[in-house]
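Below: the structure, in structure tokens.
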Protein chains: 2
Amino acid sequence: MNVTIYDVAREANVSMATVSRVVNGNPNVKPATRKKVHEAIERLGYRPNAVARGLASKKTTTVGVIIPDISSIFFAELARGIEDIATMYNYNIILSNSDQNKDKELHLINAMLGKQVDGLVFMGGKITEDHIREFKTSSVPIALAATVDETGETPSVNINYEQAAYEATELLLSHHNERVAFVAGPEDTVINTEKLAGYKRAMKDHGHDDADKWIVQGDYSYDSGIEAFEQLMNMEDKPTAVFVSADEMALGVIHGAQDSGYSVPEDLEVFGFDNTRLATMVRPTLSTVVQPMYDIGAVAMRLLTKFMNKEEVEEQSVILPHRIIERNSTQQK
Amino acid sequence: MNVTIYDVAREANVSMATVSRVVNGNPNVKPATRKKVHEAIERLGYRPNAVARGLASKKTTTVGVIIPDISSIFFAELARGIEDIATMYNYNIILSNSDQNKDKELHLINAMLGKQVDGLVFMGGKITEDHIREFKTSSVPIALAATVDETGETPSVNINYEQAAYEATELLLSHHNERVAFVAGPEDTVINTEKLAGYKRAMKDHGHDDADKWIVQGDYSYDSGIEAFEQLMNMEDKPTAVFVSADEMALGVIHGAQDSGYSVPEDLEVFGFDNTRLATMVRPTLSTVVQPMYDIGAVAMRLLTKFMNKEEVEEQSVILPHRIIERNSTQQK
DNA sequence: ATGAAAGCGCTAACAA
DNA sequence: TTGTTAGCGCTTTCAT
């Protein structure tokens, strides 16, 4: 049997209400009483039962986090941002992997709501109507991190993927590359669609209406980067530069090239996306789009705390700044 | 107001006890009644309150996970193993980062016990007496993952680090390297101590009693690998091979070497530890010790479920097999 | 097979 | 400043 608030009350000769007050830092307690209670707590080794507290107060001080895959460098960094801010605001985190599987996602949302989380941070690929319905009927606030809801109805934190992709492509084009390819991520995710749009817009602005023929499909993985390189080299006109929509996949492209005797950036310029730690762990170091992953997680969690506290929120769709960083996988100009 | 078990009971014209039974799959319910209840649940959109359930049953079906840093490739992989098995056994996970800070660790243990987790998976660097005391007085079982308790009192899952380090060093020595260096990890963690011991034993077995002079200190990071390389090259007798106690740090060593015009493995053989995904994302690909991170997490969680179910456990200190994989950062023999 | 009722440990009015 | 007392929503005997 664990020691309860009632045991402490008896030990300190006060009511449980008073114990509750000192445990919760309520100022309406005479210092002497407070001291007595603290001593009793110490003596008994009392530790408040958060479950009972949660039932009585209807607050669990825990938030749910649904993440595609915690073992991915990208998402792990986001998760760290989320957890740090959660800790700062005294929340704990229930973390589950969804593998971007819609059924799992929906199931997890429900499981977490069942656990009475005070809020939810959701990361995923595609927000469907079913998702929106769940979000809307949820009794607790929800924030999306690095995940876009096209309807704009769900609070979210992202960067401007379209613009970022535009700028990356533009930079490659400005290096007088006539043939700039794009290695896409999983189709049917809106972030990929946006990147694609940015790439196409840049191509078009530079007079290339044939962007479609320079697009190859990947899945963000290293291996798919290697495969993408093969495809690139099988094209009639080989590209001289390639914009890859994720760093890890970009490493695959670089190594695919090097393994085939090409050199980067001389024979092929390679540009990544995300600026994960990987970007500086490769030779040549990777030029890439800086997406502030940790911050996206942190800001999403911060946003969520505001909703949980019913604070006013000026803008519920936060767009964080991105930037381009040129390293050695592209030509120095 | 949310719909409760009581509402369902009224809607279905049964008692809450019966609703509870069907929700919990108790077989002692007439099929017709079960059906009625399910319909009522459906109609009302009832979702059981896990907090109330936890209070009444004294089980929360959630386990705490204390991890040094979820954004580390190594730990993220472990976490995935833990979470997958947790899901399989219907547990959720409360995840917190400790940064290997003892105070944080102790605080987290208490916070999680306060949340009434049914068990705890702990990952950390150094298990002190204070840790052991907390573990022992804990009302719920605890399992260590990739973390060794020298007293052997806490259930744990690891590999044999000493032996693995021995084999790695041995392999380098067998390549007729006269000078094999070692890049250590954070001092004062027992896993590092074990690796060090394995390295020294191998050196000694090959007639090198001067192992100490070939040891340089790192912190497992990429940058510390680069620095380690500098130190290696400042030695009087430069080593011709180096065993690095973590893959990421090994990449640092490789790139440090390459950036200085050395080639790997011709001028310097490099051997890593862990076999994180990074090992195949470098050129040359990294020879390394395979530590089954995902499995360690998975097995630790599985072990924990056994304790939580009060099952018999034959061996509470599990040692998983490791192996050596030779890739291109060492000489082919 | 089903129901009644007593908690689980705490918070939050409301009184005093 | 402190105490009394309902619940919070569910599980779990114990009856029936």
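Values reported hereafter were calculated over all heavy atoms of this structure, with side chains retained and with hydrogens, waters and symmetry mates removed. Worth saying up front: this structure is predicted, and the values here are computed from it rather than measured. Letters go in sequence order (proteins before strands), and every chain restarts at 1.
Within residues 35-49 of chain A, the residues that place at least one heavy atom under 4.0 Å from DNA chain C are, in residue-number order, A:Tyr46, A:Pro48, A:Asn49.
Under the rule for a side-chain hydrogen bond (donor to acceptor under 3.5 Å, both in side chains), B:Glu150 has no partner lying at least two apart in sequence or in another chain.
Look at NZ on A:Lys115: it is 15 Å from C1' on D:dC10, rounded to the nearest Å. Straight-line distance from the CD atom of A:Gln116 to the P atom of C:dC10: 19 Å, rounded to whole Å. Nucleotide D:dC10 holds its P atom 17 Å from the CG atom of B:Asn26, rounded to whole Å. Distance CZ (A:Arg34) to P (D:dT1): 9 Å, rounded to an integer number of Å. Counting to the nearest Å, the C1' atom of C:dG7 and the CZ atom of B:Arg53 are 17 Å from each other.
For the atom pair OG1 of A:Thr305 and CG of A:Asp118, the computed distance is 11.5 Å after rounding to the nearest 0.5 Å. Summarising the geometry, atom CG belonging to B:Asp103 is positioned 5.5 Å from atom CG belonging to B:Asn101; distances are rounded to the nearest 0.5 Å. Considering CZ of B:Arg21 and CZ of B:Arg34, their distance stands at 11.0 Å, rounded to 0.5 Å.
The shortest distance between side-chain heavy atoms of A:Leu303 and A:Val157 falls below 4.5 Å. At a threshold of 4.5 Å between non-hydrogen side-chain atoms, the residues A:Asn2 and B:Ser139 count as touching.
Here B:Asn24 reaches the OP1 or OP2 of D:dT11: one of its side-chain N or O atoms lies under 4.0 Å away. Side-chain nitrogen and oxygen atoms of B:Lys58 include at least one within less than 4.0 Å of the OP1 or OP2 phosphate oxygen of C:dG9. Distances shown here put every side-chain N or O of B:Asn28 at or beyond 4.0 Å from the OP1 or OP2 atom of C:dT2.
Residue contacts shown for B:Ser20 include a base, since a base heavy atom lies under 4.0 Å away.
One side chain, B:Lys115 or A:Thr61, offers a donor N or O that lies under 3.5 Å from an acceptor on the other. Using a 3.5 Å distance cut-off with no hydrogens or angles, the side chains of B:Glu83 and B:Thr87 do pair a donor with an acceptor.
For A:Leu55, counting side-chain heavy atoms from C-beta on, the closest listed nucleotide (D:dT2, C:dA12, D:dG9) is D:dG9. Considering only side-chain atoms of B:Ala52, the nucleotide from C:dT11, D:dT1, D:dC10 that sits closest is D:dC10.
Aromatic rings from B:Tyr220 and B:Phe74 are positioned such that their centres are separated by 6.0 Å or more.
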Could you go over nucleotides 3-5 of chain C and give all protein N or O partners under 3.5 Å, atom names and distances?
residue	atom	partner	partner atom	Å
C:dG3	OP2	B:Ser15	N	2.8
C:dG3	OP2	B:Ser15	OG	3.1
C:dG3	OP2	B:Thr18	OG1	2.7
C:dG3	N7	B:Arg21	NH1	3.4
C:dG3	N7	B:Arg21	NH2	3.4
C:dG3	O6	B:Arg21	NH2	2.5

